[in-house]
Amino acid sequence: MTPERPLPYGTPDLDPEVHGDRGPPRRVRCYVRGCNHVLRPGNDLCPVHGIRCHHSGKSVTYSYADVRRNIIVDSELVAARVVGHPFKHESDRLGLEKSEDTLTWNVFRSLQMAGCLREVARLIVNEEVAEEPRLYLWGLCLTDDTLEPWPLLVAARERFESSLPVERPLTEPDVALYLPGRYLILIEAKFTSPNPAYEDGPRRNATSLTKNELVHIYRADALRILDADLARKASRVYYQLWRNMVFAEWMALADDSGTHTYHANLTRAGREEDSCDEFRKLVRPAFADRFVHLSWENIYGVTAARSDLSRLRRYLEIKSAGLVPAFQIANEK
């Protein structure tokens, strides 16, 4: 049996205080406790720990040279078939300490292997369903490890994004839990970044839409969950949440009339409450339960008393963001 890789460095391994000198050239000591190697931020690789230390202003983080070192489950699959996949946007960032894609893989792939995805779905749809849903990460099918693009997502992109007025990345749901005839859940996962919004006024850059363009492009007569009139009157719209909800409802309708639509924003506990409350006002009252704000700490609760999820549980307990604890999890170890 191949021995398990050690977990990525976590708070017990990292020194949250940065040591170094301003140079020139500016240098910092490797962020792993007890390491005396001195590195140029963003350039030099620690020969012992395989990380590059990044320090810009108040931002402190690190990245792995070998993406597999940042993955807790099926690291070879990630390195061989996810990195560089033409359907996956920014797969070159999976080695970052703050990568929400890496966090997403580690959590949802672990839950899938333990047969616990239905427990996460229950937190969103609020009903017991014994069957495990299919798992898609970034539109790639993880059921049976095909990593084939999801035909429903491809069709939704064709419907809404085939003639955008600017060149920009297409909608890429972080997570989808899909049980045909029951539910289709799209999850917008956030780690350290906030929910972005379009405000009234012109485009803010060459790849953005205006708020009115967003509401006009991402709509269809059959869709009922979001209120476009309210969105037009609002001073801003959280565009990733809007696009994901539109895609989720359109895809569910294209699948089967009995498939219910759900959209969840997954964040750290206590984060993005205002943006979720603001977005929820654009959901028609009859569908108030179709948008859910979920936390990574909620998902940590799913791992309780499951010995087959002990590795995931420990990973979340010690996970860092900027060298300090990422989550509000009591850790007695």
Side-chain angles (χ1 to χ4, degrees), residues 100 120-121 123-126 139 152-153 155-157 159-161 164-166 168-178 183-191 193-205 207-255 257 259-295 298:
E100 66 189 25
V120 177
L123 296 174
I124 299 168
V125 306
N126 198 29
L152 276 175
L153 176 59
R157 286 178 169 183
R159 166 61 179 80
F160 294 103
E161 299 176 331
L164 293 174
V166 296
R168 55 168 292 105
L170 302 180
T171 297
E172 183 181 274
D174 294 310
V175 184
L177 303 177
Y178 173 46
Y183 57 74
L184 188 154
I185 304 168
L186 296 188
I187 300 175
E188 174 62 31
K190 293 296 180 187
F191 185 24
S193 61
N195 288 320
Y198 288 148
E199 299 182 353
D200 283 328
R203 294 192 187 107
R204 63 188 184 195
N205 57 51
T207 61
S208 72
L209 300 174
T210 67
K211 190 202 76 175
N212 287 337
E213 284 174 334
L214 173 79
V215 177
H216 176 73
I217 292 168
Y218 294 92
R219 61 172 297 278
D221 290 342
L223 304 184
R224 294 287 180 267
I225 293 178
L226 292 172
D227 191 321
D229 289 334
L230 287 180
R232 292 187 192 96
K233 296 174 184 176
S235 61
R236 63 185 172 189
V237 175
Y238 291 90
Y239 59 84
Q240 290 178 337
L241 302 183
W242 182 275
R243 288 190 283 115
N244 273 280
M245 180 63 92
V246 168
F247 266 50
E249 186 176 10
W250 189 90
M251 291 162 68
L253 290 172
D255 167 54
S257 60
T259 300
H260 289 172
T261 302
Y262 293 90
H263 176 35
N265 191 197
L266 176 58
T267 73
R268 292 188 283 175
R271 303 297 180 95
E272 298 306 309
E273 292 179 350
D274 289 345
S275 61
C276 285
D277 287 345
E278 196 170 322
F279 179 75
R280 193 175 286 110
K281 294 176 182 177
L282 305 181
V283 177
R284 289 192 170 99
F287 301 97
D289 63 336
R290 303 303 182 88
F291 176 70
V292 176
H293 187 193
L294 191 66
S295 73
N298 293 148

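Note that the CD atom of Glu172 and the CG atom of Leu153 stand 8.5 Å from one another [nearest 0.5 Å]. Atom OG1 of Thr261 is separated from atom CZ of Arg290 by 6.0 Å, given to the nearest 0.5 angstrom. Atom CZ of Arg284 and atom CD1 of Ile225 lie 10.0 Å apart (nearest 0.5 Å). One distance of note links CD1 of Ile187 with CG of Asn244; it measures 10.0 Å at 0.5 Å rounding. Remark: Glu249 CD to Leu186 CG distance equals 11.5 Å, nearest 0.5 Å. Atoms OG and CD, from Ser295 and Glu273 in turn, are 10.0 Å apart once rounded to the nearest 0.5 Å.
Taking all atoms of both residues into account, the shortest heavy-atom contact from Leu177 to Ala121 is CD1-N, 4.1 Å. Smallest separation of non-hydrogen atoms from Met251 and Ala156: CG-CB, 3.9 Å. The two residues Arg203 and Ser208 make their nearest non-hydrogen contact at CD-O, 2.8 Å. Across all their heavy atoms, Trp250 and Leu152 have their closest contact at CZ3-O, 4.2 Å. The two residues Arg232 and Lys211 make their nearest non-hydrogen contact at O-NZ, 2.8 Å. Here the closest non-hydrogen pair linking Arg204 and Ala197 is NH1-O, 2.9 Å.
Less than 6.0 angstrom separates the ring centroid of Tyr239 from the ring centroid of Tyr198.
A salt bridge links Glu278 with Arg236: at least one charged nitrogen is closer than 4.0 Å to a carboxylate oxygen.
Counting heavy atoms of neighbouring residues, nucleotides and ligands inside a 6.0 Å radius, atom CG of Asn205 exceeds 12 of them. Within 6.0 Å of CG in Asn126 there are 12 or fewer heavy atoms belonging to other residues, nucleotides or ligands.
Every residue two or more places apart in sequence or in another chain that forms a ring-ring contact (aromatic ring centres under 6.0 Å, His included) with Phe279 is listed here: Phe291.
Asn265 and Tyr238 share no side-chain donor-acceptor pair at under 3.5 Å.
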